[in-house]
**Q** 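Pasting a structure here, questions to come.
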Protein chains: 2
Amino acid sequence: MLDITEVVRRSGVPASTLRYYEEKGLILSTGRRGLKRIFAPGILDQLALIALGRAAGFTLDEIGEMFDAGGEPSIDRDALSAKADELDDTIRKLSAMRDGLRHAAKCPAPSHLECGQFRRLMNIASARMRVEKKRGAQEI
Amino acid sequence: MLDITEVVRRSGVPASTLRYYEEKGLILSTGRRGLKRIFAPGILDQLALIALGRAAGFTLDEIGEMFDAGGEPSIDRDALSAKADELDDTIRKLSAMRDGLRHAAKCPAPSHLECGQFRRLMNIASARMRVEKKRGAQEI
DNA sequence: CCTTGACCTCAAGCCAGCTTCAAGTTGCAG
DNA sequence: CTGCAACTTGAAGCTGGCTTGAGGTCAAGG
């Protein structure tokens, strides 16, 4: 059994965040010593899992749905696949962007506006903005 | 010369956003007809460029510094390179994440917690969180 | 037993990048 | 000239994921 200080020390997650996660229902403290929260050791895995989810682009609400009542993970494999596909898409876009930037950085055109590739990038970016307005922003 | 409605129609950027950008100093309206803003046609390129910058991960403030007094772009090629490098880094992280998710989705371990690769991912994600706390979050 | 400092709660604040609202002004069609 | 839709302003609100602050409680060490 761990007190909050110990959880902070071992997970690197600030106490304020732990309280916030508990309030949101993402984690559970297993009891109190007086007012003070006590956590089961499993909390550390759970926090690592939350960190992973965040890094993968899940929202806290989505992550909350990945735990059963006991705090054990029960992650839908289809959801993982879907998120992987989403990441793939993001990666493709970012790669195109990176290549365009790389080109612009060494393009000899006096102004970037005179570079065909740069203009293509600009057009793609504004087209994407339009789409995201319509379809409720993805991410990135 | 374009009125705001025309700019909205041709750029897809909402009027509220145009006013916000002007207030922020990112764009300039070239005059007024009565109270109403009038824009030079160049605004369309400028908005496309802003969209591109946003998509590449620049903040509005950073983008603001990319225009000279006349609204002409004057983009530091080094900044573009640096942003490209940053994107590369992001892409690498996302790729690792995607591969891990993909694996977890088809991993036969009864619980994800029992899968070595999944646990490695978890640990990477929580280690990254710690670092980002210390060094003031990048993006993604 | 008393102090102390680590914990607690609840509410408010912060960030970026907008959007929305209420109330006021105006260009222009009829 | 009138009416009204389209524009204007400034301020406030929103989203997500926290952090911060004020003020309160309590377990443990001296």
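Chain naming here is simple, since letters A, B, ... match the order of the sequence lines and numbering starts at 1 in each. Because the structure is predicted, anything quoted here is derived from the model rather than measured.
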**Q** Rounded to whole Å, please give me the gap between CD in B:Glu62 and C1' in C:dA16.
**A** 12 Å
**Q** On DNA chain D, compare the nucleotides closest to B:Glu6 and A:Ile50; which residue's is nearer the 5' end?
**A**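 Going by which nucleotide is closer to the 5' end, it is B:Glu6.
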**Q** Does D:dT19 have OP1 or OP2 sitting under 4.0 Å from an N or O in the side chain of A:Thr17?
**A**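 Answer yes for this pair, as a side-chain N or O of A:Thr17 is under 4.0 Å from OP1 or OP2.
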**Q** Would you kindly give the CG-to-P distance between B:Leu47 and C:dC18, to the nearest whole Å?
**A**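 To the nearest whole Å, that distance equals 11 Å.
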**Q** Taking atom C1' of D:dT8 as reference, at what distance in whole Å does atom CG of B:Asp3 sit?
**A**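 These atoms are roughly 14 Å apart.
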**Q** Do any side-chain nitrogens or oxygens of A:Tyr20 fall under 4.0 Å of OP1 or OP2 in D:dG16?
**A**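 It does not, given that no N or O in the side chain of A:Tyr20 lies less than 4.0 Å from OP1 or OP2 of D:dG16.
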**Q** If a pair satisfies ring-ring contact (aromatic ring centres under 6.0 Å, His included) and one of its residues is in residues 84-105 of chain A, list it, with sequence neighbours excluded.
**A** none
**Q** Answer yes or no: does a side-chain N or O of A:Tyr21 lie under 4.0 Å from OP1 or OP2 of D:dC18?
**A**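 Result: yes.
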**Q** Between C:dG17, D:dT19, D:dT9, which nucleotide has the shortest distance from any of its atoms to the side chain of B:Arg37?
**A** D:dT9
**Q** Measure the OG1-CD1 distance between B:Thr90 and A:Ile91 for me, rounded to the nearest 0.5 Å.
**A** 10.5 Å
**Q** Tracing side-chain links under 4.5 Å among I, L, V, M, F, W and Y, which residues wind up in one group with B:Met1?
**A** B:Ile38
**Q** Between D:dT15 atom P and A:Lys24 atom NZ, what is the distance in whole Å?
**A** 11 Å
**Q** Starting from P on C:dT9, measure out to CD on A:Glu23 and report it in whole angstrom.
**A**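 Those two atoms, CD and P, are 9 Å apart.
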**Q** Counting only side-chain nitrogens and oxygens, does A:Arg32 get under 4.0 Å of the OP1 or OP2 atom of C:dT9?
**A** yes
**Q** Please list every donor-acceptor pair under 3.5 Å in which a side-chain atom of residues 60-73 of chain A meets a protein atom from a residue at least two apart or in another chain.
**A**
unit_1, atom_1, unit_2, atom_2, d
A:Asp61, OD1, A:Lys24, NZ, 3.0
A:Glu62, OE1, A:Thr59, N, 2.8
A:Asp68, OD1, A:Gly70, N, 3.0
A:Asp68, OD1, A:Gly71, N, 3.2
A:Asp68, OD1, A:Glu72, N, 3.0

**Q** Should B:Arg19 be listed as having a side-chain N or O under 4.0 Å from OP1 or OP2 of D:dT8?
**A**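 Yes, such a contact exists.
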**Q** Only counting residues at least two apart or in another chain, list the ones meeting ring-ring contact (aromatic ring centres under 6.0 Å, His included) with A:Phe39.
**A** none
**Q** Starting at the 5' end of nucleotides 20-30 of chain D, put B wherever the base has a protein heavy atom under 4.0 Å, S where only the sugar-phosphate does, and a dash everywhere else.
**A** B-----SS---
**Q** Report yes if at least one side-chain N or O of A:Arg54 is closer than 4.0 Å to OP1 or OP2 of D:dG16; otherwise report no.
**A**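 The answer is no; no side-chain N or O of A:Arg54 sits under 4.0 Å from OP1 or OP2.
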**Q** May I have the distance from B:Asp61 (atom CG) to C:dC15 (atom P), rounded to whole angstrom?
**A** 12 Å
**Q** Does anything in residues 110-131 of chain B form a ring-ring contact (aromatic ring centres under 6.0 Å, His included)? List the pairs, not counting sequence neighbours.
**A** B:His112-B:Phe118
**Q** Under 4.0 Å between a side-chain nitrogen and a carboxylate oxygen: does that hold for B:Arg102 and A:Asp85?
**A**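 Yes, B:Arg102 and A:Asp85 are salt-bridged.
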**Q** Could you state the CD-C1' distance from A:Glu22 to D:dC18, rounded to the nearest angstrom?
**A**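 Answer to the nearest Å: 16 Å.
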**Q** Rounded to the nearest Å, what distance is computed from the CG atom of residue A:Leu18 to the C1' atom of nucleotide C:dA6?
**A**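 Taking CG of A:Leu18 and C1' of C:dA6, I get 15 Å after rounding.
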